[in-house]
Student: 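Let me begin by handing over the structure; questions about it come next.
Lettering follows sequence order; numbering is per chain, from 1.
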Amino acid sequence: MKVTTKIENLKNYKKLLKLKNGIKSFFDAKGYLELELPVMSPVLIPESYIEIFKTQFIYFDQKQDFYLTSSPELFIKRLIAKGVKNCYYLGKAFRNSEPNSDRHSPEFMILEFYNVPADYRDVESTMLELFQHLSQILYKSNGFSYHGKKISVEKFERLSVTEAFDKYANIDEKTLLDENLFVAAAKDKGYVIKNSTYEDLFSQIYTQEIEPNLGVNGFPTVIYDYPIAFAPLCKPNPDGKTAQRFEIYISGVELGNCYNELTDWKILQKRFKKEAQLRKDKNMISHKIDYDFIEVMKKDLPPYSGIAVGVERLAMVFGDVDAIEKLQLITNSL
Amino acid sequence: MSTYAGNLKKGEFIIHQSEIWQIQKSEFYSPGKGSALMRTKIKNVKSGKNIDYTYKSNESVETVDVNSIEMQYLYKDQEFAYFMDEQSYNQYQVPLSVVGRAIEFFKEGEKMFVYIHDDQPLSVRAPLSVTLKIVQTEDAVKGDTVSGAKKEAELETGVKVMVPLFIKVGEKISVNPETGQYTGRQ
(Lines give C-alpha, C1' and ligand atoms only; values in the text may rest on other atoms or scores of the structure.)
Protein backbone atom coordinates (compact mmCIF):
# COMPACT_ATOMS: atom_id res chain seq x y z
CA MET A 1 0.00 0.00 0.00
CA LYS A 2 1.35 3.41 -0.83
CA VAL A 3 0.24 6.99 -1.26
CA THR A 4 0.23 8.04 -4.91
CA THR A 5 -0.13 11.63 -6.11
CA LYS A 6 -2.04 11.91 -9.36
CA ILE A 7 -2.01 15.54 -10.41
CA GLU A 8 -2.82 14.35 -13.96
CA ASN A 9 -6.35 13.69 -12.64
CA LEU A 10 -6.94 17.39 -11.93
CA LYS A 11 -9.43 17.80 -14.80
CA ASN A 12 -11.53 14.83 -13.64
CA TYR A 13 -11.20 15.87 -10.02
CA LYS A 14 -12.75 19.23 -10.94
CA LYS A 15 -15.72 17.35 -12.42
CA LEU A 16 -16.17 15.60 -9.07
CA LEU A 17 -16.05 18.97 -7.27
CA LYS A 18 -18.58 20.49 -9.65
CA LEU A 19 -20.92 17.58 -9.11
CA LYS A 20 -20.50 17.70 -5.33
CA ASN A 21 -21.25 21.43 -5.29
CA GLY A 22 -24.22 20.76 -7.59
CA ILE A 23 -25.64 18.26 -5.12
CA LYS A 24 -25.26 20.77 -2.30
CA SER A 25 -26.86 23.64 -4.23
CA PHE A 26 -29.77 21.38 -5.25
CA PHE A 27 -30.68 20.33 -1.70
CA ASP A 28 -29.96 23.71 -0.13
CA ALA A 29 -32.29 25.41 -2.63
CA LYS A 30 -35.03 22.89 -1.80
CA GLY A 31 -34.68 23.60 1.91
CA TYR A 32 -33.19 20.24 2.98
CA LEU A 33 -31.17 20.45 6.20
CA GLU A 34 -27.53 19.58 5.58
CA LEU A 35 -26.20 17.27 8.29
CA GLU A 36 -22.60 17.34 9.47
CA LEU A 37 -22.12 14.00 11.22
CA PRO A 38 -19.36 11.96 12.84
CA VAL A 39 -17.67 9.23 10.80
CA MET A 40 -16.69 7.37 13.99
CA SER A 41 -19.24 5.73 16.24
CA PRO A 42 -18.93 3.69 19.47
CA VAL A 43 -21.82 1.44 18.31
CA LEU A 44 -23.11 0.20 14.96
CA ILE A 45 -26.20 -1.32 13.39
CA PRO A 46 -25.21 -4.96 12.69
CA GLU A 47 -24.99 -5.81 9.00
CA SER A 48 -23.79 -9.22 7.89
CA TYR A 49 -22.72 -8.22 4.38
CA ILE A 50 -20.62 -5.17 5.19
CA GLU A 51 -17.28 -5.47 6.97
CA ILE A 52 -16.22 -2.58 9.19
CA PHE A 53 -13.10 -0.64 10.14
CA LYS A 54 -12.29 -0.70 13.84
CA THR A 55 -10.10 1.77 15.73
CA GLN A 56 -9.49 2.79 19.35
CA PHE A 57 -9.42 5.95 21.44
CA ILE A 58 -6.77 5.80 24.16
CA TYR A 59 -6.27 8.10 27.16
CA PHE A 60 -3.93 6.77 29.87
CA ASP A 61 -5.52 3.43 30.77
CA GLN A 62 -8.92 4.37 29.38
CA LYS A 63 -9.67 2.62 26.11
CA GLN A 64 -12.72 2.99 23.91
CA ASP A 65 -13.39 1.15 20.64
CA PHE A 66 -14.72 3.19 17.75
CA TYR A 67 -15.86 2.13 14.29
CA LEU A 68 -15.85 4.00 11.02
CA THR A 69 -19.43 4.17 9.80
CA SER A 70 -20.46 2.43 6.57
CA SER A 71 -23.44 4.78 6.31
CA PRO A 72 -24.69 7.71 8.40
CA GLU A 73 -28.17 6.19 8.85
CA LEU A 74 -27.83 5.47 12.58
CA PHE A 75 -27.27 9.18 13.18
CA ILE A 76 -29.81 10.48 10.67
CA LYS A 77 -32.69 8.28 11.84
CA ARG A 78 -32.14 9.49 15.41
CA LEU A 79 -32.58 13.04 14.16
CA ILE A 80 -35.71 12.13 12.18
CA ALA A 81 -37.14 10.60 15.38
CA LYS A 82 -36.53 14.01 17.02
CA GLY A 83 -38.53 15.76 14.33
CA VAL A 84 -36.00 16.64 11.61
CA LYS A 85 -37.77 16.60 8.21
CA ASN A 86 -36.11 16.57 4.76
CA CYS A 87 -32.35 16.30 5.23
CA TYR A 88 -29.10 15.12 3.60
CA TYR A 89 -25.56 14.06 4.42
CA LEU A 90 -22.72 14.44 1.94
CA GLY A 91 -19.48 13.02 3.32
CA LYS A 92 -17.26 10.01 3.84
CA ALA A 93 -18.29 6.43 4.50
CA PHE A 94 -16.12 3.31 4.90
CA ARG A 95 -16.45 -0.34 3.97
CA ASN A 96 -13.73 -2.86 4.77
CA SER A 97 -12.81 -6.01 2.81
CA GLU A 98 -13.84 -4.41 -0.48
CA PRO A 99 -10.70 -3.92 -2.56
CA ASN A 100 -10.19 -1.00 -4.91
CA SER A 101 -11.67 -1.47 -8.33
CA ASP A 102 -13.11 0.75 -11.05
CA ARG A 103 -16.36 1.14 -9.12
CA HIS A 104 -15.26 0.40 -5.56
CA SER A 105 -13.18 2.08 -2.92
CA PRO A 106 -13.06 1.16 0.80
CA GLU A 107 -13.30 4.89 1.59
CA PHE A 108 -15.90 6.74 -0.46
CA MET A 109 -18.20 9.74 -0.56
CA ILE A 110 -21.82 9.00 0.17
CA LEU A 111 -24.91 11.12 -0.39
CA GLU A 112 -27.71 10.00 1.84
CA PHE A 113 -30.93 11.98 1.73
CA TYR A 114 -34.29 11.41 3.36
CA ASN A 115 -37.72 12.68 2.42
CA VAL A 116 -39.92 13.07 5.51
CA PRO A 117 -42.88 12.50 5.46
CA ALA A 118 -42.80 10.59 2.20
CA ASP A 119 -42.64 7.25 0.46
CA TYR A 120 -40.14 5.84 -2.03
CA ARG A 121 -41.93 7.23 -5.07
CA ASP A 122 -41.25 10.74 -3.68
CA VAL A 123 -37.55 9.90 -3.39
CA GLU A 124 -37.61 8.68 -6.98
CA SER A 125 -39.04 12.04 -8.12
CA THR A 126 -36.39 13.90 -6.12
CA MET A 127 -33.66 11.75 -7.75
CA LEU A 128 -34.97 12.62 -11.21
CA GLU A 129 -34.89 16.34 -10.35
CA LEU A 130 -31.36 15.92 -8.93
CA PHE A 131 -30.15 14.18 -12.13
CA GLN A 132 -31.65 16.99 -14.23
CA HIS A 133 -30.03 19.63 -12.02
CA LEU A 134 -26.60 17.94 -12.28
CA SER A 135 -26.88 17.44 -16.03
CA GLN A 136 -27.83 21.13 -16.44
CA ILE A 137 -24.85 22.24 -14.30
CA LEU A 138 -22.36 20.07 -16.20
CA TYR A 139 -23.78 20.24 -19.74
CA LYS A 140 -26.56 22.89 -19.75
CA SER A 141 -28.83 20.13 -21.06
CA ASN A 142 -30.98 17.23 -19.84
CA GLY A 143 -28.69 14.76 -21.57
CA PHE A 144 -25.06 13.71 -21.76
CA SER A 145 -22.79 10.99 -23.14
CA TYR A 146 -21.34 8.12 -21.15
CA HIS A 147 -18.92 5.74 -22.92
CA GLY A 148 -20.16 7.00 -26.27
CA LYS A 149 -23.85 6.40 -25.47
CA LYS A 150 -26.42 9.16 -25.07
CA ILE A 151 -28.24 9.29 -21.75
CA SER A 152 -31.31 11.47 -21.30
CA VAL A 153 -32.48 12.38 -17.81
CA GLU A 154 -35.89 13.59 -19.01
CA LYS A 155 -37.42 10.51 -17.37
CA PHE A 156 -36.62 7.16 -15.81
CA GLU A 157 -37.23 3.77 -17.37
CA ARG A 158 -39.03 1.71 -14.70
CA LEU A 159 -39.33 -2.01 -14.20
CA SER A 160 -39.92 -4.24 -11.22
CA VAL A 161 -37.43 -6.91 -10.10
CA THR A 162 -39.92 -9.63 -11.09
CA GLU A 163 -40.34 -8.11 -14.57
CA ALA A 164 -36.55 -7.86 -14.94
CA PHE A 165 -35.95 -11.53 -14.04
CA ASP A 166 -38.70 -12.59 -16.44
CA LYS A 167 -37.38 -10.45 -19.27
CA TYR A 168 -33.60 -10.85 -18.95
CA ALA A 169 -33.04 -14.12 -17.04
CA ASN A 170 -36.12 -16.06 -18.17
CA ILE A 171 -37.11 -16.73 -14.56
CA ASP A 172 -40.81 -16.24 -13.84
CA GLU A 173 -42.31 -14.66 -10.73
CA LYS A 174 -43.27 -17.97 -9.11
CA THR A 175 -39.70 -19.31 -9.44
CA LEU A 176 -38.13 -16.05 -8.31
CA LEU A 177 -40.11 -15.94 -5.08
CA ASP A 178 -39.69 -19.62 -4.16
CA GLU A 179 -36.25 -20.45 -2.77
CA ASN A 180 -36.23 -24.11 -3.85
CA LEU A 181 -37.47 -23.42 -7.37
CA PHE A 182 -34.98 -20.59 -7.72
CA VAL A 183 -31.99 -22.69 -6.65
CA ALA A 184 -33.08 -25.39 -9.12
CA ALA A 185 -33.34 -22.79 -11.91
CA ALA A 186 -29.85 -21.49 -11.06
CA LYS A 187 -28.49 -25.04 -11.25
CA ASP A 188 -30.11 -25.51 -14.68
CA LYS A 189 -28.39 -22.34 -15.82
CA GLY A 190 -25.00 -23.80 -14.84
CA TYR A 191 -24.33 -21.81 -11.65
CA VAL A 192 -22.43 -23.53 -8.83
CA ILE A 193 -25.07 -24.15 -6.15
CA LYS A 194 -22.87 -26.00 -3.67
CA ASN A 195 -22.45 -23.86 -0.50
CA SER A 196 -24.63 -21.15 -2.06
CA THR A 197 -27.68 -19.64 -0.40
CA TYR A 198 -30.74 -18.29 -2.19
CA GLU A 199 -29.36 -14.80 -1.52
CA ASP A 200 -25.96 -15.70 -3.03
CA LEU A 201 -27.49 -17.09 -6.23
CA PHE A 202 -29.97 -14.23 -6.53
CA SER A 203 -27.09 -11.73 -6.34
CA GLN A 204 -25.01 -13.71 -8.81
CA ILE A 205 -27.76 -13.98 -11.44
CA TYR A 206 -28.82 -10.38 -10.83
CA THR A 207 -25.25 -9.19 -11.45
CA GLN A 208 -24.56 -11.52 -14.38
CA GLU A 209 -27.86 -11.36 -16.26
CA ILE A 210 -29.90 -8.36 -15.09
CA GLU A 211 -27.52 -5.49 -14.30
CA PRO A 212 -25.87 -5.23 -17.75
CA ASN A 213 -29.37 -4.42 -19.13
CA LEU A 214 -30.18 -1.62 -16.71
CA GLY A 215 -29.88 1.99 -17.80
CA VAL A 216 -28.84 1.08 -21.36
CA ASN A 217 -31.94 2.20 -23.29
CA GLY A 218 -31.09 5.89 -23.31
CA PHE A 219 -32.55 6.62 -19.86
CA PRO A 220 -31.57 5.76 -16.28
CA THR A 221 -33.44 2.67 -15.03
CA VAL A 222 -35.25 2.41 -11.72
CA ILE A 223 -35.63 -1.25 -10.71
CA TYR A 224 -38.06 -1.65 -7.82
CA ASP A 225 -39.74 -4.01 -5.33
CA TYR A 226 -37.29 -6.71 -4.28
CA PRO A 227 -38.09 -10.10 -2.72
CA ILE A 228 -38.46 -9.54 1.02
CA ALA A 229 -35.15 -11.31 1.78
CA PHE A 230 -33.45 -8.44 -0.06
CA ALA A 231 -35.38 -5.67 1.59
CA PRO A 232 -35.85 -6.70 5.21
CA LEU A 233 -35.88 -3.12 6.52
CA CYS A 234 -38.32 -1.91 3.87
CA LYS A 235 -42.07 -1.58 4.00
CA PRO A 236 -43.60 -4.81 2.64
CA ASN A 237 -46.02 -4.73 -0.31
CA PRO A 238 -49.58 -6.06 0.08
CA ASP A 239 -48.50 -9.30 -1.70
CA GLY A 240 -46.39 -10.11 1.39
CA LYS A 241 -43.55 -11.39 -0.83
CA THR A 242 -41.86 -8.23 -2.04
CA ALA A 243 -40.90 -5.02 -0.27
CA GLN A 244 -40.51 -1.40 -1.29
CA ARG A 245 -36.95 -0.75 -2.30
CA PHE A 246 -35.48 0.55 -5.55
CA GLU A 247 -32.07 0.86 -7.14
CA ILE A 248 -31.11 3.20 -9.92
CA TYR A 249 -28.75 2.45 -12.82
CA ILE A 250 -27.08 4.16 -15.75
CA SER A 251 -25.22 1.92 -18.24
CA GLY A 252 -25.20 -1.03 -15.85
CA VAL A 253 -23.63 1.05 -13.05
CA GLU A 254 -25.59 1.07 -9.79
CA LEU A 255 -25.85 4.63 -8.51
CA GLY A 256 -28.24 4.50 -5.59
CA ASN A 257 -30.26 2.27 -3.30
CA CYS A 258 -33.53 3.49 -1.79
CA TYR A 259 -35.60 2.02 1.05
CA ASN A 260 -39.15 2.84 1.95
CA GLU A 261 -38.21 2.66 5.61
CA LEU A 262 -39.78 0.10 7.89
CA THR A 263 -41.03 1.81 11.06
CA ASP A 264 -41.96 -1.35 13.02
CA TRP A 265 -39.39 -1.61 15.82
CA LYS A 266 -40.26 -5.24 16.64
CA ILE A 267 -39.23 -6.43 13.18
CA LEU A 268 -36.16 -4.25 13.45
CA GLN A 269 -35.18 -5.89 16.73
CA LYS A 270 -35.48 -9.39 15.22
CA ARG A 271 -33.41 -8.24 12.28
CA PHE A 272 -30.66 -6.93 14.60
CA LYS A 273 -30.42 -10.30 16.35
CA LYS A 274 -30.29 -12.23 13.09
CA GLU A 275 -27.63 -10.00 11.55
CA ALA A 276 -25.50 -9.99 14.72
CA GLN A 277 -25.61 -13.81 14.80
CA LEU A 278 -24.65 -13.99 11.11
CA ARG A 279 -21.67 -11.71 11.76
CA LYS A 280 -20.51 -14.09 14.51
CA ASP A 281 -21.00 -17.18 12.31
CA LYS A 282 -18.99 -15.57 9.53
CA ASN A 283 -16.15 -14.57 11.89
CA MET A 284 -16.55 -10.91 11.03
CA ILE A 285 -15.05 -8.14 13.19
CA SER A 286 -17.07 -7.93 16.40
CA HIS A 287 -18.51 -4.55 17.37
CA LYS A 288 -20.80 -3.05 20.00
CA ILE A 289 -24.41 -3.10 18.81
CA ASP A 290 -26.51 0.03 18.71
CA TYR A 291 -29.41 -1.19 20.90
CA ASP A 292 -30.37 2.42 21.66
CA PHE A 293 -31.37 2.65 18.01
CA ILE A 294 -34.27 0.25 18.68
CA GLU A 295 -35.39 2.48 21.58
CA VAL A 296 -35.31 5.47 19.24
CA MET A 297 -37.44 3.57 16.72
CA LYS A 298 -40.10 2.87 19.35
CA LYS A 299 -41.27 6.45 18.87
CA ASP A 300 -44.01 7.00 16.30
CA LEU A 301 -42.06 7.93 13.21
CA PRO A 302 -43.75 9.47 10.19
CA PRO A 303 -43.59 7.42 6.98
CA TYR A 304 -40.21 8.25 5.43
CA SER A 305 -37.84 7.08 2.75
CA GLY A 306 -34.12 7.52 2.15
CA ILE A 307 -31.53 6.75 -0.50
CA ALA A 308 -27.77 6.18 -0.41
CA VAL A 309 -25.84 7.31 -3.48
CA GLY A 310 -22.16 6.66 -4.30
CA VAL A 311 -20.94 10.13 -5.22
CA GLU A 312 -17.75 9.04 -7.01
CA ARG A 313 -19.77 6.62 -9.13
CA LEU A 314 -22.21 9.41 -9.94
CA ALA A 315 -19.27 11.63 -10.95
CA MET A 316 -17.83 8.79 -13.05
CA VAL A 317 -21.04 8.43 -15.03
CA PHE A 318 -22.00 12.12 -15.27
CA GLY A 319 -18.39 13.07 -16.01
CA ASP A 320 -17.76 10.19 -18.47
CA VAL A 321 -14.73 8.88 -16.52
CA ASP A 322 -13.77 5.14 -16.52
CA ALA A 323 -12.83 4.56 -12.90
CA ILE A 324 -13.16 6.07 -9.42
CA GLU A 325 -9.36 6.29 -9.16
CA LYS A 326 -9.25 8.67 -12.13
CA LEU A 327 -11.26 11.23 -10.12
CA GLN A 328 -8.74 11.35 -7.29
CA LEU A 329 -5.65 13.53 -6.75
CA ILE A 330 -4.34 11.27 -3.99
CA THR A 331 -4.93 7.54 -4.02
CA ASN A 332 -4.07 4.84 -1.52
CA SER A 333 -3.44 2.00 -3.90
CA LEU A 334 -2.47 -1.54 -3.12
CA MET B 1 -4.64 -26.06 -8.49
CA SER B 2 -7.52 -23.88 -7.47
CA THR B 3 -8.06 -20.45 -5.98
CA TYR B 4 -10.91 -18.30 -4.68
CA ALA B 5 -12.54 -16.35 -7.49
CA GLY B 6 -11.93 -13.26 -5.37
CA ASN B 7 -8.19 -13.67 -6.05
CA LEU B 8 -8.40 -13.91 -9.85
CA LYS B 9 -6.14 -11.48 -11.65
CA LYS B 10 -5.81 -10.26 -15.22
CA GLY B 11 -3.64 -12.61 -17.30
CA GLU B 12 -4.34 -15.81 -15.30
CA PHE B 13 -5.65 -18.94 -17.01
CA ILE B 14 -8.62 -20.81 -15.55
CA ILE B 15 -10.95 -23.69 -16.31
CA HIS B 16 -14.53 -22.55 -16.86
CA GLN B 17 -17.15 -25.08 -17.99
CA SER B 18 -14.38 -27.55 -18.95
CA GLU B 19 -12.51 -25.15 -21.23
CA ILE B 20 -9.43 -22.97 -20.73
CA TRP B 21 -9.97 -19.21 -20.54
CA GLN B 22 -7.71 -16.27 -19.80
CA ILE B 23 -8.83 -13.50 -17.44
CA GLN B 24 -9.01 -10.20 -19.35
CA LYS B 25 -10.47 -8.18 -16.51
CA SER B 26 -11.60 -8.91 -12.96
CA GLU B 27 -13.46 -6.65 -10.61
CA PHE B 28 -14.61 -7.21 -7.05
CA TYR B 29 -18.23 -6.31 -6.45
CA SER B 30 -20.26 -6.29 -3.28
CA PRO B 31 -23.99 -6.02 -4.00
CA GLY B 32 -24.77 -5.57 -0.30
CA LYS B 33 -26.75 -8.80 0.03
CA GLY B 34 -25.64 -12.35 -0.63
CA SER B 35 -21.96 -13.12 -0.97
CA ALA B 36 -19.52 -10.68 -2.55
CA LEU B 37 -18.91 -11.26 -6.23
CA MET B 38 -16.09 -11.20 -8.74
CA ARG B 39 -17.10 -9.85 -12.13
CA THR B 40 -14.78 -11.10 -14.84
CA LYS B 41 -14.25 -10.78 -18.57
CA ILE B 42 -12.70 -14.01 -19.85
CA LYS B 43 -11.35 -15.07 -23.23
CA ASN B 44 -11.55 -18.61 -24.56
CA VAL B 45 -8.06 -19.69 -25.65
CA LYS B 46 -9.41 -21.88 -28.48
CA SER B 47 -12.01 -19.63 -30.06
CA GLY B 48 -10.85 -16.20 -28.87
CA LYS B 49 -14.45 -15.54 -27.78
CA ASN B 50 -14.89 -13.08 -24.89
CA ILE B 51 -17.63 -13.49 -22.29
CA ASP B 52 -18.57 -11.81 -19.02
CA TYR B 53 -18.98 -14.11 -16.06
CA THR B 54 -19.80 -13.32 -12.44
CA TYR B 55 -18.37 -15.62 -9.76
CA LYS B 56 -19.08 -15.60 -6.06
CA SER B 57 -15.84 -14.28 -4.56
CA ASN B 58 -15.54 -17.33 -2.29
CA GLU B 59 -16.21 -19.79 -5.12
CA SER B 60 -13.35 -22.15 -5.93
CA VAL B 61 -11.99 -21.80 -9.47
CA GLU B 62 -9.54 -24.21 -11.07
CA THR B 63 -6.43 -22.49 -12.37
CA VAL B 64 -4.16 -23.69 -15.17
CA ASP B 65 -0.38 -23.84 -14.76
CA VAL B 66 1.41 -22.26 -17.67
CA ASN B 67 5.00 -21.62 -18.68
CA SER B 68 5.78 -18.47 -20.53
CA ILE B 69 8.52 -19.18 -23.05
CA GLU B 70 10.33 -16.57 -25.08
CA MET B 71 9.86 -17.31 -28.78
CA GLN B 72 10.48 -15.76 -32.15
CA TYR B 73 7.45 -14.55 -34.06
CA LEU B 74 7.75 -16.07 -37.54
CA TYR B 75 4.71 -15.05 -39.61
CA LYS B 76 0.96 -15.23 -39.80
CA ASP B 77 -1.57 -16.56 -42.27
CA GLN B 78 -5.36 -16.15 -42.46
CA GLU B 79 -5.97 -18.16 -39.29
CA PHE B 80 -2.85 -18.47 -37.16
CA ALA B 81 0.26 -16.70 -35.97
CA TYR B 82 3.38 -18.92 -35.90
CA PHE B 83 6.10 -18.85 -33.25
CA MET B 84 9.35 -20.77 -32.75
CA ASP B 85 10.98 -21.82 -29.50
CA GLU B 86 14.64 -20.93 -30.12
CA GLN B 87 15.86 -23.56 -27.63
CA SER B 88 13.98 -26.56 -29.00
CA TYR B 89 13.23 -25.22 -32.50
CA ASN B 90 9.64 -26.39 -31.96
CA GLN B 91 7.03 -24.36 -33.79
CA TYR B 92 3.71 -23.37 -32.29
CA GLN B 93 0.58 -21.85 -33.82
CA VAL B 94 -1.85 -19.56 -31.99
CA PRO B 95 -5.24 -18.55 -33.50
CA LEU B 96 -5.26 -14.89 -34.57
CA SER B 97 -8.53 -14.40 -32.69
CA VAL B 98 -6.71 -15.37 -29.50
CA VAL B 99 -3.70 -13.11 -30.07
CA GLY B 100 -6.12 -10.24 -30.65
CA ARG B 101 -5.39 -6.95 -32.39
CA ALA B 102 -1.84 -6.84 -30.96
CA ILE B 103 -0.79 -9.10 -33.86
CA GLU B 104 -1.02 -6.11 -36.20
CA PHE B 105 1.91 -4.56 -34.35
CA PHE B 106 4.23 -7.60 -34.39
CA LYS B 107 7.26 -7.53 -36.69
CA GLU B 108 8.48 -10.84 -38.07
CA GLY B 109 11.57 -12.04 -36.21
CA GLU B 110 10.66 -10.21 -32.98
CA LYS B 111 10.79 -12.00 -29.66
CA MET B 112 7.84 -12.34 -27.35
CA PHE B 113 6.48 -14.66 -24.69
CA VAL B 114 4.07 -17.48 -25.53
CA TYR B 115 2.09 -19.19 -22.76
CA ILE B 116 2.43 -22.98 -22.93
CA HIS B 117 0.37 -25.61 -21.11
CA ASP B 118 0.93 -29.36 -21.75
CA ASP B 119 3.07 -28.37 -24.73
CA GLN B 120 0.05 -26.54 -26.21
CA PRO B 121 0.26 -22.79 -26.84
CA LEU B 122 -2.55 -20.93 -25.06
CA SER B 123 -1.89 -17.30 -25.78
CA VAL B 124 0.73 -14.65 -26.42
CA ARG B 125 1.87 -12.02 -23.96
CA ALA B 126 2.10 -8.86 -26.01
CA PRO B 127 4.93 -6.52 -24.99
CA LEU B 128 3.78 -3.33 -23.21
CA SER B 129 5.30 -1.27 -25.97
CA VAL B 130 6.60 -1.88 -29.50
CA THR B 131 8.76 0.42 -31.63
CA LEU B 132 7.71 0.82 -35.25
CA LYS B 133 8.67 3.04 -38.17
CA ILE B 134 6.23 5.42 -39.86
CA VAL B 135 5.93 4.59 -43.57
CA GLN B 136 3.12 6.96 -44.57
CA THR B 137 1.52 10.07 -43.12
CA GLU B 138 0.46 13.54 -44.28
CA ASP B 139 2.67 16.51 -43.43
CA ALA B 140 1.20 18.72 -40.72
CA VAL B 141 -0.75 21.70 -42.03
CA LYS B 142 0.90 24.92 -40.90
CA GLY B 143 -1.12 26.96 -38.47
CA ASP B 144 -3.02 23.94 -37.17
CA THR B 145 -2.15 24.48 -33.54
CA VAL B 146 -5.09 22.78 -31.81
CA SER B 147 -3.43 21.04 -28.91
CA GLY B 148 -3.85 17.28 -28.88
CA ALA B 149 -4.83 17.17 -32.56
CA LYS B 150 -4.03 13.86 -34.24
CA LYS B 151 -3.61 12.46 -37.74
CA GLU B 152 -3.52 8.98 -39.24
CA ALA B 153 -0.18 7.28 -39.90
CA GLU B 154 0.70 3.90 -41.43
CA LEU B 155 3.34 1.83 -39.65
CA GLU B 156 5.83 -0.61 -41.16
CA THR B 157 3.60 -3.59 -40.29
CA GLY B 158 0.81 -2.02 -42.36
CA VAL B 159 -1.42 -1.05 -39.43
CA LYS B 160 -2.74 2.52 -39.13
CA VAL B 161 -2.70 4.47 -35.88
CA MET B 162 -3.41 8.03 -34.76
CA VAL B 163 -0.29 10.11 -34.01
CA PRO B 164 0.41 13.75 -33.08
CA LEU B 165 0.70 16.20 -35.99
CA PHE B 166 4.49 16.71 -35.62
CA ILE B 167 5.34 13.06 -36.48
CA LYS B 168 6.99 12.60 -39.90
CA VAL B 169 7.58 9.69 -42.30
CA GLY B 170 10.69 7.68 -41.36
CA GLU B 171 10.45 8.42 -37.64
CA LYS B 172 10.12 5.63 -35.10
CA ILE B 173 7.35 5.73 -32.55
CA SER B 174 6.28 3.52 -29.67
CA VAL B 175 2.80 2.07 -29.50
CA ASN B 176 0.92 0.00 -26.95
CA PRO B 177 0.02 -3.08 -29.06
CA GLU B 178 -3.00 -3.98 -26.91
CA THR B 179 -4.73 -0.63 -27.32
CA GLY B 180 -3.07 0.60 -30.51
CA GLN B 181 -2.34 3.90 -28.79
CA TYR B 182 0.66 6.08 -29.58
CA THR B 183 2.80 6.40 -26.46
CA GLY B 184 5.84 8.40 -27.62
CA ARG B 185 8.51 9.23 -30.17
CA GLN B 186 11.86 7.40 -30.21
Student: Tell me if the CD atom of Gln186(B) is crowded by more than 12 foreign heavy atoms within 6.0 Å.
Tutor: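 Counting neighbours around CD of Gln186(B), more than 12 heavy atoms of other residues, nucleotides or ligands fall under 6.0 Å, so yes.
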Student: Report, as yes or no, whether the 6.0 Å neighbourhood of atom CG on Asn90(B) holds more than 12 heavy atoms from other residues, nucleotides or ligands.
Tutor: yes
Student: Using a 6.0 Å cut-off, check whether atom CD of Glu8(A) has over 12 heavy atoms from anything other than its own residue.
Tutor: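 More than 12 heavy atoms, drawn from other residues, nucleotides or ligands, come within 6.0 Å of this atom.
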Student: Quick one: which of Arg39(B), Glu27(B), Met38(B) gives a side chain to side chain contact (heavy atoms under 4.5 Å, CB included) with Ser101(A)?
Tutor: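 So, applying the side chain to side chain contact (heavy atoms under 4.5 Å, CB included) to Ser101(A) and each of Arg39(B), Glu27(B), Met38(B), only Glu27(B) qualifies.
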Student: NZ of Lys107(B): more than 12 outside heavy atoms within 6.0 angstrom?
Tutor: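 Yes.
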Student: For chain B, which of Asp102(A), Asn257(A), Leu201(A), Ile50(A) has the most heavy-atom pairs under 4.5 Å?
Tutor: Asp102(A)
Student: Among Arg95(A), Glu209(A), Glu211(A), single out the residue with the greatest number of heavy-atom pairs under 4.5 Å to chain B.
Tutor: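 The option with the most such pairs is Glu211(A).
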Student: Side chain from CB out, backbone as N, CA, C, O: work out which of these in Glu47(A) comes under 4.5 Å of a heavy atom of chain B, or both, or neither.
Tutor: neither
Student: Step through the shown structure and confirm whether more than 12 heavy atoms of other residues, nucleotides or ligands are within 6.0 Å of CG on Leu128(B).
Tutor: no
Student: Quick one: does any side-chain atom of Gln208(A) pair with a main-chain N or O of Asp52(B) as donor and acceptor, under 3.5 Å?
Tutor: yes
Student: What's the shortest heavy-atom distance between Lys56(B) and Val192(A), and which atoms?
Tutor: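 Smallest interatomic distance, heavy atoms only, reads NZ-O, 3.0 Å.
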Student: Is atom CD of Glu178(B) surrounded by more than 12 heavy atoms (other residues, nucleotides or ligands) closer than 6.0 Å?
Tutor: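 Counting neighbours around CD of Glu178(B), 12 or fewer heavy atoms of other residues, nucleotides or ligands fall under 6.0 Å, so no.
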Student: Hey, does the side chain of Gln204(A) reach the backbone of Thr54(B) with a donor-acceptor pair shorter than 3.5 angstrom?
Tutor: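 A pair under 3.5 Å: yes.
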Student: Looking only at heavy atoms, what is the nearest atom pair of Arg313(A) and Tyr29(B), with distance?
Tutor: NH2-CE1, 4.3 Å
Student: Assess whether atom NZ of Lys25(B) is packed by more than 12 heavy atoms of other residues, nucleotides or ligands within 6.0 Å.
Tutor: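 Counting neighbours around NZ of Lys25(B), 12 or fewer heavy atoms of other residues, nucleotides or ligands fall under 6.0 Å, so no.
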Student: Which bit of Ser48(A) is near chain B, if near means a heavy-atom gap under 4.5 Å: side chain, backbone, both or neither?
Tutor: neither
Student: Could you tell me whether Lys282(A) atom NZ has more than 12 heavy atoms of other residues or ligands within 6.0 Å of it?
Tutor: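 Yes, the 6.0 Å shell around NZ holds more than 12 heavy atoms from other groups.
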Student: Which bit of Phe230(A) is near chain B, if near means a heavy-atom gap under 4.5 Å: side chain, backbone, both or neither?
Tutor: both
Student: Once the angle between the rings of Tyr53(B) and Tyr191(A) is folded into 0 to 90°, is it parallel (under 30°), tilted (30 to 60°) or perpendicular (over 60°)?
Tutor: parallel
Student: Quick one: what part of Thr197(A) sits under 4.5 Å from any heavy atom of chain B, side chain, backbone, both or neither?
Tutor: neither
Student: At a heavy-atom distance under 4.5 Å, which candidate from Gly6(B), Ser30(B), Pro31(B), Ser26(B) has the highest pair count against chain A?
Tutor: Ser30(B)
